[in-house]
Student: 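One structure coming up, written as structure tokens, with questions to follow.
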Amino acid sequence: MIQAGIAFTHDIKYHRRAGHNLVSTGFYKYVRHPGYFGWFVWANSTQIMLANPISLLLFLMVSWYFFFDRIPYEERQLESMFGEEYRAYKRRTVSGIPFVHT
């Protein structure tokens, strides 16, 4: 979140603000959604630490589906804001969530 600066928000933006640039350095050099990746790992790891296989399975399913639904929508908005710059960025990075490809 610190790396993205003013570009980070929990809301999906529909218009590019002045000074809103595509962040593609640091963690963003490798993963398009490091916040989602971190949350996904953390949330599911808590269930591993609690040795709770049923909750782990449920957490995996629900959290994966949330990102499976959200990331493509968010990336369409980012493509409309940044155009070819974002498409090129997508080609050299991963989403950060297993099996979520856009």
Side-chain angles (χ1 to χ4, degrees):
M1 289 188 257
I2 293 169
Q3 180 114 36
I6 66 165
F8 180 84
T9 176
H10 291 287
D11 300 321
I12 295 174
K13 298 298 180 195
Y14 300 95
H15 303 286
R16 190 173 178 179
R17 298 184 316 266
H20 187 182
N21 298 311
L22 181 63
V23 178
S24 59
T25 58
F27 290 125
Y28 289 90
K29 183 177 181 177
Y30 308 103
V31 178
R32 290 190 303 275
H33 303 283
Y36 295 166
F37 170 74
W39 187 91
F40 187 80
V41 170
W42 170 80
N44 292 295
S45 295
T46 60
Q47 299 313 302
I48 293 170
M49 295 294 292
L50 294 171
N52 192 335
I54 293 171
S55 287
L56 172 61
L57 184 59
L58 291 172
F59 263 67
L60 280 168
M61 290 174 16
V62 171
S63 60
W64 181 85
Y65 184 77
F66 173 80
F67 293 121
F68 176 77
D69 186 52
R70 182 179 173 107
I71 287 174
Y73 179 75
E74 183 174 344
E75 291 195 344
R76 281 192 299 275
Q77 299 307 317
L78 290 164
E79 281 187 41
S80 73
M81 286 193 296
F82 294 106
E84 182 55 35
E85 181 183 13
Y86 192 78
R87 286 187 285 279
Y89 174 62
K90 278 177 58 174
R91 286 191 293 271
R92 64 180 186 269
T93 58
V94 297
S95 74
I97 304 300
F99 308 108
V100 175
H101 309 285
T102 59

Student: Once you round to the nearest 0.5 Å, how far does CZ of F59 lie from CD1 of I54?
Tutor: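 Answer for the CZ-CD1 pair, F59 versus I54, is 13.5 Å.
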Student: Might you point out which heavy atoms bring F40 and S63 nearest each other, and give the distance in Å?
Tutor: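 Of all heavy-atom pairs spanning F40 and S63, the closest is CE1-OG, 3.4 Å.
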Student: Are V94 and I97 in one and the same hydrophobic cluster, where Ile, Leu, Val, Met, Phe, Trp and Tyr link if side-chain heavy atoms are under 4.5 Å apart?
Tutor: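 No, it is not one cluster - the side chains of V94 and I97 are not joined through contacts under 4.5 Å.
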Student: Inspect the contact between R87 and E84 and indicate whether a charged nitrogen and a carboxylate oxygen are less than 4.0 angstrom apart.
Tutor: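 Here E84 pairs with R87 in a salt bridge, since their nearest N and O are under 4.0 Å apart.
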Student: Below 4.5 Å, heavy atoms only, C-beta onward: do F66 and V62 meet side chain to side chain?
Tutor: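 A side-chain contact under 4.5 Å is absent here.
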Student: About how many Å separate CD1 of I71 and NE2 of H101, when rounded to the nearest 0.5 Å?
Tutor: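 Answer rounded to 0.5 Å: 10.5 Å.
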Student: Once you measure the plane-to-plane angle for Y65 and F68, does it fall in the parallel (<30°), tilted (30-60°) or perpendicular (>60°) bin?
Tutor: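 Tilted: the ring planes of Y65 and F68 meet at 30° to 60°.
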Student: Report yes if the side chains of L78 and F82 come closer than 4.5 Å at any heavy-atom pair, otherwise no.
Tutor: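 Yes, side chains in contact.
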Student: Please examine the side chains of Y28 and T93, heavy atoms only from C-beta on, and report whether any two atoms are closer than 4.5 Å.
Tutor: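 No. Closest side-chain heavy atoms not under 4.5 Å.
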Student: Roughly how far apart are L56 CG and M61 CE, rounded to 0.5 Å?
Tutor: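 One gets 11.0 Å once the value is rounded to the nearest 0.5 Å.
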Student: Report the relative orientation of the aromatic rings in F67 and Y36; use parallel for angles under 30°, tilted for 30 to 60°, perpendicular for over 60°.
Tutor: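 Tilted, since the angle between the ring planes falls between 30° and 60°.
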Student: Could you see if L58 belongs to whatever hydrophobic cluster contains M49? Use Ile, Leu, Val, Met, Phe, Trp, Tyr and a side-chain cutoff under 4.5 Å.
Tutor: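 No, L58 does not connect to M49 through the hydrophobic network.
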Student: Tell me the closest heavy-atom pair linking G96 and V31, and the distance in Å.
Tutor: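 Closest approach of G96 to V31, heavy atoms only: CA-CG1, 3.6 Å.
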Student: According to a hydrophobic-cluster definition based on side-chain heavy atoms being under 4.5 Å apart (Ile, Leu, Val, Met, Phe, Trp, Tyr only), do V41 and V100 belong together?
Tutor: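 No, it is not one cluster - the side chains of V41 and V100 are not joined through contacts under 4.5 Å.
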Student: Measuring from N44:CG to T46:OG1, what's the distance to the nearest 0.5 Å?
Tutor: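 Those atoms lie 7.0 Å apart.
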Student: Give a yes or no on whether L50 atom CG has more than 12 heavy-atom contacts from other residues, nucleotides or ligands under 6.0 Å away.
Tutor: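 It does: L50 CG has more than 12 such atoms within range.
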Student: Return the set of residues passing ring-ring contact (aromatic ring centres under 6.0 Å, His included) with F37 (not counting sequence neighbours), or none when no residue passes.
Tutor: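 With sequence neighbours excluded, F37 shows a ring-ring contact (aromatic ring centres under 6.0 Å, His included) to no residue whatsoever.
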Student: Rounded to the nearest 0.5 Å, what's the gap from CD on E74 to OG on S95? Could you check?
Tutor: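 Interatomic distance, E74 CD to S95 OG, rounded to 0.5 Å: 11.0 Å.
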Student: So do Y89 and R32 actually touch side chain to side chain, heavy atoms under 4.5 Å?
Tutor: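 With C-beta onward as the side chain, the pair touches.
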Student: List for me each residue that meets salt bridge (Lys or Arg N to Asp or Glu O under 4.0 Å) alongside R92, sequence neighbours excluded, and say none if there are none.
Tutor: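 Once residues adjacent in sequence are excluded, R92 has no partner under the salt bridge (Lys or Arg N to Asp or Glu O under 4.0 Å) criterion.
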Student: Could you list the residues that satisfy side-chain hydrogen bond (donor to acceptor under 3.5 Å, both in side chains) with S55, not counting sequence neighbours?
Tutor: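 Testing S55 for side-chain hydrogen bond (donor to acceptor under 3.5 Å, both in side chains), a comparison that skips the adjacent residues, returns N52.
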Student: When rounded to the nearest 0.5 angstrom, what distance separates OH in Y86 from CZ in R91?
Tutor: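 That separation rounds to 12.0 Å.
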